[in-house]
Number of protein chains: 2
Amino acid sequence: MRPREFDHDDVLRIAFDQFWRNGVRGASMSDIARDTGVQRGSLYNAFGSKEALFLQAYERYAGDYLAALQKALGAGSLRKRLTAFFDLTVTNFRSGTPPRGCPTTRGLMELGAAEGEGLDEDARQAFAGLISRITALVQDTLSAGAERGEFNGNPAAAALHIITVTRGLAVLERAFGDEPQLRKIAAHTIDLLLGRTGG
Amino acid sequence: MRPREFDHDDVLRIAFDQFWRNGVRGASMSDIARDTGVQRGSLYNAFGSKEALFLQAYERYAGDYLAALQKALGAGSLRKRLTAFFDLTVTNFRSGTPPRGCPTTRGLMELGAAEGEGLDEDARQAFAGLISRITALVQDTLSAGAERGEFNGNPAAAALHIITVTRGLAVLERAFGDEPQLRKIAAHTIDLLLGRTGG
DNA sequence: CATGTTTTTGACAGCATGTCAAATATCTAC
DNA sequence: GTAGATATTTGACATGCTGTCAAAAACATG
């Protein structure tokens with residue numbers, strides 16, 4: 001066999017940065033080839049297609065991001081946990097120069113048809129999978145908070161509400177790019193769920 | 001002069017349907033040419049570019065949609081108004097076969113760079129403009145409700161919260177296509193803002 | 001009926017994804 | 001050490017996209 005001349009993980013990292021900054025459709029295989037120093041044909045040989053390359057790169061990101069969220073949700077009062085969760089979310093959306101937004105939300109809205117039909121069903125499942133896992137983390141945190149008497153509502157409904165707000169923040173970030181506004185909305189959401197005082 | 005062989009408005013309607021179903025990037029000028037019966041070159045002659053065609057088609061849609069929202073927000077108790085608002089929102093996202101989702105949210109997430117740089121700054125402003133106008137409508141409704149004693153919170157903050165949730169609903173619609181779930185989230189949002197009982 | 005102006009039409013350039021055959025470089029077996 | 005097998009690299013190609021342009025066509029106006 002002839003050995004590969006590039007590092008698999010390096011390519012995934014560099015490719016994902018391209019996808020994140022320019023979108024899956026906006027990033028071209030030529031761009032990725034230029035940035036990685038790997039020729040376009042080699043990328044196709046190694047990954048099969050642009051979508052397959054994206055999926056691998058996305059799974060890498062999803063794992064890292066989920067771990068960071070889990071850590072943010074894991075310490076302090078419920079209010080502190082949720083605050084850390086939203087902080088990390090907004091910071092993630094606003095990372096990069098210029099800010100890159102939310103890759104999950106962007107990827108989701110870039111898809112072809114709706115669920116069921118659609119060629120990029122694999123991508124949709126990857127995006128939906130991360131959202132579901134984040135929702136589960138939040139719900140667990142709320143349930144634990146409820147047992148400690150820090151929250152008295154429906155953890156499932158509240159988690160769904162929170163994930164909805166985070167997706168909305170991703171959209172407003174693209175519309176207005178107003179980071180203080182995003183943080184105000186996040187704080188307001190926590191107040192709505194836990195009450196304005198103490199919590 | 002030679003007269004135009006097609007109806008300007010017909011083309012805008014048909015083109016927007018293409019954009020709505022397949023996204024701005026996903027819909028090709030060839031598709032629109034086929035559906036309208038107007039040759040590709042004629043479309044470029046009449047509208048200049050795909051983005052310019054989209055912008056005109058989008059403004060048409062935005063005007064109609066805003067009028068429908070205004071009507072939904074204009075009658076009954078505050079709770080009824082907000083319920084009608086969310087109903088219309090979700091129904092709009094789920095219209096078409098297969099459901100077409102939210103064209104504003106999709107268009108926004110399809111854009112190139114973030115605010116400031118980016119070539120499609122005109123499109124971003126069109127999307128942000130509709131979102132801002134909807135937010136203003138909701139805020140007015142909440143303010144009026146507050147004067148009538150139906151709401152005692154901050155109308156500006158609550159309106160921002162509501163618009164954030166609607167953007168989140170647009171994203172979750174693409175992720176899961178679960179319409180009952182969307183309606184539950186909407187109802188829960190109203191309960192959070194107005195209180196679970198009466199309102 | 002002739003002239004002028006706009007629309008229409010078809011061909012072209014440039015860039016995208018994806019495919020493929022040929023060339024290349026290493027590993028393995030002897 | 002050498003020869004063969006095998007996977008990677010490389011460049012050319014097909015196809016589809018946006019956008020441009022010059023030539024042809026069709027109507028309005030004098």
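Letters A, B, ... are given to chains in the order of the sequence lines, protein chains preceding strands, and every chain is numbered from 1. Below, each value reflects all heavy atoms present in this structure, side chains not excepted, and no hydrogens, waters or symmetry copies.
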In whole angstroms, the gap separating P of C:dT19 from CZ of A:Phe47 amounts to 16 Å
A:Tyr61 side chain to A:Thr104 side chain, donor-acceptor N/O pair below 3.5 angstrom:
no
With the side chain of A:Ser30 defined as its heavy atoms from C-beta on, choose the nearest nucleotide among C:dA16, D:dT18, C:dT8.
C:dA16
Minimum-distance nucleotide (side-chain atoms of B:Asn45 versus D:dT8, C:dT19, C:dT8)
C:dT8
Looking at every strand, decide which applies to B:Ala27 at a 4.0 Å heavy-atom threshold: base, sugar-phosphate, or nothing.
sugar-phosphate
Quickly work out the A:Met29 CE to D:dT10 C1' distance and round it to whole Å.
15 Å
When hydrophobic residues are tied together by side-chain contacts of less than 4.5 Å, even through go-betweens, does A:Ile14 share a cluster with A:Phe54?
no
Determine: side-chain N/O of B:Ser28 to OP1/OP2 of D:dC17, distance under 4.0 Å, yes or no.
yes
Side chain of A:Gln39, heavy atoms from C-beta onward: which of C:dA11, D:dG11, C:dT17 has the nearest atom to it?
D:dG11
Check whether the ring centres of A:Phe85 and A:Tyr65 lie less than 6.0 Å apart, and answer yes or no.
no
For atom CD of A:Glu110 and atom C1' of C:dA16, their distance in whole Å
15 Å
Expressed as a whole number of angstroms, how long is the span from B:Arg40:CZ to D:dG16:P?
13 Å
Taking atom P of C:dT7 as reference, at what distance in whole Å does atom CG of B:Asp7 sit?
15 Å
Would you please say whether a donor-acceptor pair under 3.5 Å links the side chains of A:Thr89 and A:Arg167?
no
When the ring centroid of A:Phe19 is compared with that of A:Tyr58, is the distance short of 6.0 Å?
no
Between C:dG10 (P) and B:Leu43 (CG): distance, integer Å:
14 Å
Rounded distance (Å) that lies between atom P of D:dT8 and atom NE2 of A:His8
10 Å
Sugar-phosphate means primed atoms, P, OP1 and OP2; the rest is base. With that split, encode nucleotides 23-30 of chain C 5' to 3' as B, S or - using protein heavy atoms under 4.0 Å.
-BBBS---
Under 4.0 Å, counting only non-hydrogen atoms across every strand here, what does A:Phe6 touch: a base, just sugar-phosphate, or nothing?
sugar-phosphate
From the list D:dT8, C:dT17, C:dT8, which nucleotide is the closest neighbour of the side chain of A:Arg4?
D:dT8
Distance check needed: D:dG16 C1' versus A:Arg25 CZ, whole Å only.
13 Å
With no hydrogens and no angle check, do the side chains of B:Ser28 and B:Asp31 hold a donor and an acceptor under 3.5 Å apart?
yes
Testing C:dG18, D:dT9, D:dG19 for proximity to the side chain of A:Lys50, the answer is C:dG18
With a 6.0 Å cut-off on ring centres, are B:Phe47 and B:His8 close enough?
yes
